[in-house]
Amino acid sequence: MKPRLLIVDDSWSMRQTLRLLLAPDFDCALAEDGPSALNHARSHPPDIILSDVNMAGMDGFELYRQVRAEPPLEQVPFLFLSGHEPPAGVREQGYTYLVKPVPPAILVSRLHELLPPRRAIPAQTGS
């Protein structure tokens, strides 16, 4: 079973590009802004969130803060993907941040690195 990835970006073309790129490795859901991402995450908790930073209304950092404030979501790994360098202090605060353009193999690898190890499901034995 593929890990569930929530892609959050206000650009339709970027959401679609990321979905096409990441679908072989992840079960991708899409959200066009912070509020819809938060609603989706509440109803269908993802294994990881990939979010743009600069979005109207709720930006990526506010989405991150709100996700962290939700007990069922507070441990979900979160990766920022932006066309701009991070503001001063962002990396020191522990945010995971990549600047576009990112080679696809690096993005896929980084997402997999952020996922917690999956526990093996014990095989059922017949008696």
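If you read the sequence from its start, that first residue is 1, and numbering goes on from there. The figures that follow rest on heavy atoms only: side chains count, while hydrogens, waters and symmetry mates do not. All values derive from a computational prediction rather than experimental measurement.
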Which heavy-atom pair separates Glu74 from Arg68 by the least distance, and what is that distance? O-NH1, 3.0 Å
For the residue pair His40 and Leu6, what are the closest heavy atoms and their distance? ND1-CD1, 3.9 Å
For the residue pair Pro116 and Pro77, what are the closest heavy atoms and their distance? CD-CG, 4.0 Å
Decide yes or no for Met58 and Asp33: does some side-chain heavy atom of the first lie under 4.5 Å from some side-chain heavy atom of the second? no
Looking at every non-hydrogen atom in both residues, tell me the closest pair between Met55 and Ser51 and how far apart they are. CE-OG, 3.7 Å
To the nearest 0.5 Å, what is the distance between CG on Leu98 and CG on Leu79? 5.0 Å
Heavy-atom side-chain proximity of Leu81 to Asp9 below 4.5 angstrom: no
Which pair of heavy atoms, one from Arg19 and one from Cys28, lies closest together, and at what distance? CG-CB, 4.0 Å
SB check Arg4 Asp27 (cutoff 4.0 Å): no
Gap between atom CD of Glu32 and atom CZ of Arg15 - 0.5 Å precision: 5.5 Å
When rounded to the nearest 0.5 angstrom, what distance separates CZ in Arg110 from CG in Leu50? 12.0 Å
Atom CD1 of Ile7 and atom CD1 of Ile49: how far apart are they, to the nearest 0.5 Å? 11.5 Å
Would you tell me whether Gln66 and Glu62 have side-chain atoms, one donor and one acceptor, within less than 3.5 Å of each other? yes
Student check: side-chain heavy atoms of Leu115 and Phe26 closer than 4.5 Å: yes
If you apply the rule ring-ring contact (aromatic ring centres under 6.0 Å, His included), what do you find for His84 with Tyr97, and how did you get there? CA-CA 10 Å; His84 306 284; Tyr97 196 108; 9.5 Å; no
Side-chain contact test, heavy atoms from C-beta onward, threshold under 4.5 Å: evaluate it for Pro86 versus Val99 and give yes or no. yes
Phe78 vs Thr96 side-chain heavy atoms within contact, under 4.5 Å: no
With no hydrogens and no angle check, is any side-chain donor or acceptor of Lys2 less than 3.5 Å from a backbone partner on Ala23? yes
Beyond-backbone contact of Val76 with Pro46, side-chain heavy atoms, under 4.5 angstrom: yes
Just say parallel, tilted or perpendicular for the rings of Phe80 and Tyr64, cut-offs at 30° and 60°. tilted
With side chain to side chain contact (heavy atoms under 4.5 Å, CB included) as the test, pick out the partner of Val8 among Asp52, Leu38, Leu63. Leu63
Heavy-atom count check: over 12 atoms from other residues, nucleotides or ligands less than 6.0 Å from Gln75 CD? no
Would you mind reporting whether Leu30 and Leu18 have side-chain heavy atoms less than 4.5 Å apart? no
Looking only at heavy atoms, what is the nearest atom pair of Val53 and Asp59, with distance? O-CB, 3.2 Å
